[in-house]
Asker: 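Here's a structure for you.
Ligands are counted one by one from 1 in listed order, and the atoms in each one are counted from 1 as well.
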Amino acid sequence: MDPVTASMIEIHDRLSSLTDGEVADYIPQLASADPGTFGLALVSMSGNRYLAGDTDEPFSIQSVSKPFVYALALSELGPAEVARRVGAEPSGEAFNAISLEPGTGRPANPMVNAGAIVTTSLVPAADPEDRFERIRACLSAFAGRPLDVDEDVYRSEVDTGDRNRALAYLMRGAGSLSGDVDETVRTYFRQCSIRVRVADLAVMAATLADGGVNPVTGDRVVAESVAVRALAVMATCGMYDTAGEWLLRVGLPAKSGVSGGLIACSPARFGIAVHSPPLDRAGNPVRGVVALTELSERFGLHLMHQPGRHAATVTDVTTALDHPSHRARTPAQRATLDREGHRIVVIRAQGILEFTETEHLLHALREYTPPAPGWIVLDLDRVTRMAVGSAAMLDATLADLASAGHEIAIAAREPLLDPIGDDGDPVPWTPFRSGAEAVAWSEDRLLASAAPAGSSG
Ligand code: GLN
């Protein structure tokens with residue numbers, strides 16, 4: 001058995017005996033849930049699934065829908081308009097609290113009912129059916145399969161939903177909710193009644209963790225900036241009035257729901273979901289909270305824990321004196337290169353250039369810069385990706401070196417250099433397809449500058 005499944009099964013089996021918590025009982029469909037049901041699913045960034053326990057049980061998504069509908073509203077309206085209508089502050093209160101900003105009536109956060117009802121109302125649509133269809137289509141794209149509605153849950157939600165209706169009327173009175181209250185609340189109830197299995201929730205969570213791309217289908221569901229915002233709001237507001245304690249102990253963006261669903265996202269690693277109906281007093285699934293606390297500790301997943309660089313960035317610093325090119329040279333040229341070859345410095349780097357790696361590379365560049373005028377060969381052949389901010393840092397450093405009188409040759413694979421110097425100005429460096437070509441070119445340039453015009457070397 002693979003070690004990921006083995007960990008999940010071990011946690012599942014051990015926590016199955018945990019019988020604390022109460023199953024939600026405000027509607028019969030939730031009250032009749034088996035408190036023993038306990039399933040775990042994890043979906044990696046390569047789209048692989050790992051399952052443990054009861055993973056075939058369908059259940060209504062309830063509040064776990066909230067971050068996804070928030071992401072939909074952000075995609076449709078943009079962050080400024082959404083922020084005008086719903087805040088992003090943890091209310092520190094229960095999911096059905098009346099937490100409205102004094103004066104504007106703007107709900108505090110989109111992860112509890114008041115803010116979620118406004119968020120649902122923001123989804124642009126021709127009519128209520130169309131609005132719900134867009135929500136269903138969006139959640140289905142997150143899950144990677146068409147999701148349907150549990151009509152019994154929906155009817156019960158409508159029958160018992162007076163507190164949500166009251167919240168909506170209050171917000172309409174305060175001016176923060178526009179449109180028909182009954183229709184809006186019904187759309188919200190339908191959204192909560194969408195039927196999922198725990199593996200669907202894991203794919204949905206993995207899509208947020210993957211910057212908005214569903215790792216199973218490969219489809220982009222929302223823009224990366226939208227996924228980042230949804231994760232940020234989950235991190236501060238996703239766990240009702242225990243959000244602070246959760247961030248402290250587990251350190252992952254998460255969202256729970258009243259049917260016992262819980263998702264957590266480990267950015268660029270995986271999405272995980274738990275289904276276990278018994279809830280603690282804050283409304284979070286008891287086994288889910290313990291399972292994720294343990295997983296986070298075991299695998300070092302806390303957002304604030306960053307293990308740092310995984311591999312050396314600068315792998316080699318040499319000069320053309322130690323490692324000349326293989327280009328044929330006359331005895332006179334060879335003599336010049338033996339005397340002057342140290343003025344060509346070759347720096348090799350590898351891996352992904354994010355801030356930390358780029359800072360390391362730029363430090364090496366400063367440390368080994370030859371006396372001006374010199375030649376700098378940057379061999380980035382084994383660099384696989386460069387972050388936009390890193391390209392800007394490198395660009396600025398290369399401009400400084402060029403203005404100090406150096407000539408710069410960069411070897412890299414095709415698209416890597418595109419973001420460097422993308423402001424349209426001519427770049428102060430020459431691109432090459434290999435480090436060997438870049439060194440040979442630098443030698444040619446050195447020889448040309450060393451040889452008095454007309455002499456043949
Ligand atoms: N349908 C439920 C409600 O609005 C969802 C709440 C939840 O999952 N916490 O009351």
Asker: At a non-hydrogen distance cut-off of under 4.0 Å, which region of Val64 contacts ligand 1 (side chain, backbone, both, or neither)?
Answerer: neither
Asker: Looking at atom 7 (C) of ligand 1, what's its closest protein heavy atom, distance included?
Answerer: Ser63 OG, 2.5 Å
Asker: Under 4.0 Å from a heavy atom of Tyr26: give me the atoms of ligand 1 that qualify, with their elements.
Answerer: 1 (N), 2 (C)
Asker: Are Phe189 and ligand 1 in contact, using a heavy-atom cut-off of under 4.0 Å?
Answerer: no
Asker: Quick check on contacts: which atoms of ligand 1 are under 4.0 angstrom from a heavy atom of Gly257?
Answerer: 8 (O)
Asker: Just distances here: any N/O of Lys66 and N/O of ligand 1 closer than 3.5 Å?
Answerer: no
Asker: If I take atom CG from residue Leu303 and atom OG from residue Ser296, how far apart are they, to the nearest 0.5 angstrom?
Answerer: 8.5 Å
Asker: Sort out for me which residue in Val346, Ile376, Val317 forms a side-chain contact (heavy atoms from CB on, under 4.5 Å) with Tyr368.
Answerer: Val317
Asker: For Tyr26 and Glu157, what are the C-alpha separation, side-chain angles and deciding distance, and is it a side-chain hydrogen bond (donor to acceptor under 3.5 Å, both in side chains)?
Answerer: CA-CA 9 Å; Tyr26 70 96; Glu157 292 282 354; 2.6 Å; yes
Asker: Within this structure, what is the CE-CE distance for the pair Met393 and Met386, rounded to the nearest 0.5 Å?
Answerer: 11.5 Å
Asker: Determine whether the side chain, the backbone, both or neither of Asn113 has a heavy atom under 4.0 Å from any heavy atom of ligand 1.
Answerer: side chain
Asker: Does Arg413 reach the main-chain N or O of Val383 with its side chain, forming a donor-acceptor pair under 3.5 Å?
Answerer: no
Asker: How far apart are the closest heavy atoms of Arg385 and Glu354, and which atoms are they?
Answerer: NH2-OE2, 3.1 Å
Asker: For ligand 1, which atoms sit closer than 4.0 Å to a heavy atom of Val258?
Answerer: 7 (C), 8 (O), 9 (N)
Asker: State the CG-CZ distance between Leu18 and Arg14, to the nearest 0.5 angstrom.
Answerer: 10.0 Å
Asker: Quick test: of every protein heavy atom, which one is nearest to atom 1 (N) of ligand 1, and how far off is it to 0.1 Å?
Answerer: Gln62 OE1, 2.7 Å
Asker: Heavy-atom contacts under 4.0 Å between Tyr154 and ligand 1: side chain, backbone, both, or neither?
Answerer: neither
Asker: Thr5 side chain to Tyr50 main-chain N or O, any donor-acceptor pair under 3.5 Å?
Answerer: no
Asker: Check each heavy atom of Glu157 against ligand 1 and say whether those closer than 4.0 Å belong to the side chain, the backbone, both or neither.
Answerer: side chain
Asker: Looking only at protein heavy atoms, which one is nearest to atom 4 (O) of ligand 1, and how far off is it?
Answerer: Tyr188 OH, 2.7 Å
Asker: Please list, in number order, the atoms of ligand 1 under 4.0 Å from a heavy atom of Cys192.
Answerer: 1 (N)
Asker: Do His12 side-chain atoms and Phe38 backbone N/O form a donor-acceptor pair below 3.5 Å?
Answerer: yes
